[in-house]
Amino acid sequence: EVQLVESGGGLVQAGGSLRLSCATSGFSFDDYAIGWFREAPGKEREAVSCFSSSDDITLYADSVKGRFTISGDFAKNTVYLQMNSLKPEDTDLYYCAAHRKGHLWRACPMEWPAFGYWGQGTQVTVSS
């Protein structure tokens, strides 16, 4: 069974940093890509980053490039999202998700419908 559990969210001042963790189980990183998404009430779900280790692909939304870094610790089956220089507009509920690679979508899609497995989310709040 594929499972994803996020942690690491919290309240931070603008300019600060947080590291989100996504603990995974039930699948191999060879067959799945991991994405981070964020969503606020009344807003569309937004792709933040995607990571496919076997394809050596990492992608970022323009809004977070240069500030956020996605990485994986395969020994721990965990994917991280290091978030630096946080801004109030980064305030959202952050989700990690798993995409099983196949022929319908590219290896590391930045579209949430491509991801079939989701965690419960972790709240990030950035104060000004």
Side-chain angles (χ1 to χ4, degrees):
E1 180 185 6
V2 174
Q3 291 188 325
L4 306 104
V5 179
E6 304 95 334
S7 61
L11 173 64
V12 65
Q13 288 189 331
S17 298
L18 283 173
R19 188 177 77 160
L20 305 184
S21 299
C22 176
T24 74
S25 61
F27 64 92
S28 168
F29 286 113
D30 288 340
D31 301 320
Y32 285 75
I34 299 296
W36 283 97
F37 294 82
R38 62 188 183 184
E39 187 174 9
K43 288 173 56 180
E44 187 175 355
R45 190 175 303 178
E46 177 188 16
V48 174
S49 183
C50 184
F51 172 64
S52 176
S53 60
S54 59
D55 301 288
D56 196 24
I57 295 173
T58 55
L59 299 173
Y60 299 95
D62 288 343
S63 57
V64 306
K65 277 181 184 176
R67 301 189 297 123
F68 290 12
T69 303
I70 191 170
S71 62
D73 184 336
F74 305 120
K76 296 181 179 180
N77 290 324
T78 300
V79 175
Y80 302 100
L81 185 69
Q82 177 67 43
M83 306 187 296
N84 299 328
S85 302
L86 282 162
K87 305 174 181 180
E89 51 264 42
D90 294 318
T91 295
D92 266 325
L93 186 60
Y94 283 71
Y95 297 92
C96 68
H99 160 68
R100 184 169 184 171
K101 292 183 279 186
H103 299 291
L104 183 60
W105 298 89
R106 52 182 169 167
C108 208
M110 292 286 276
E111 295 89 9
W112 68 263
F115 290 78
Y117 304 93
W118 294 81
Q120 82 288 351
T122 186
Q123 179 67 38
V124 171
T125 302
V126 184
S127 63
S128 58

What pairs of residues pass the disulfide bond (SG atoms under 2.5 Å apart) test when at least one of them lies in residues 5-47, not counting sequence neighbours? Cys22-Cys96
May I have all residue pairs that pass side-chain hydrogen bond (donor to acceptor under 3.5 Å, both in side chains) and include part of residues 46-55, sequence neighbours excluded? Arg38-Glu46, Glu46-Ser63, Ser52-Asp55, Ser52-Lys101, Ser54-Lys101, Asp55-Lys101
Taking only residues two or more places apart in sequence, or in another chain, which ones meet Gln3 in a side chain to side chain contact (heavy atoms under 4.5 Å, CB included)? Glu1, Ser25
Does anything in residues 99-128 pair up under disulfide bond (SG atoms under 2.5 Å apart), and if so which pairs, sequence neighbours excluded? Cys50-Cys108
Partners passing side-chain hydrogen bond (donor to acceptor under 3.5 Å, both in side chains) against Asp30 (at least two apart in sequence or in another chain): none
Qualifying ring-ring contact (aromatic ring centres under 6.0 Å, His included) pairs, either residue in residues 57-96, two or more places apart: Phe29-Phe74
So, using side-chain hydrogen bond (donor to acceptor under 3.5 Å, both in side chains) as the criterion, who are the partners of Arg67 when residues are at least two apart? Asp90
Check ring-ring contact (aromatic ring centres under 6.0 Å, His included) between Phe115 and all other residues, then give those that pass, not counting sequence neighbours. Phe37, His99
Among residues at least two apart in sequence or on other chains, which ones pass side chain to side chain contact (heavy atoms under 4.5 Å, CB included) with Ser17? Gln82, Asn84
Sequence neighbours excluded, which residues qualify as side chain to side chain contact (heavy atoms under 4.5 Å, CB included) partners of Pro41? none
Any residue meeting side chain to side chain contact (heavy atoms under 4.5 Å, CB included) with Ala14, in chain and number order, not counting sequence neighbours: Pro88, Val126
Linking Ile, Leu, Val, Met, Phe, Trp and Tyr through side-chain heavy atoms less than 4.5 Å apart, which residues share a cluster with Ile57? Leu59, Met110
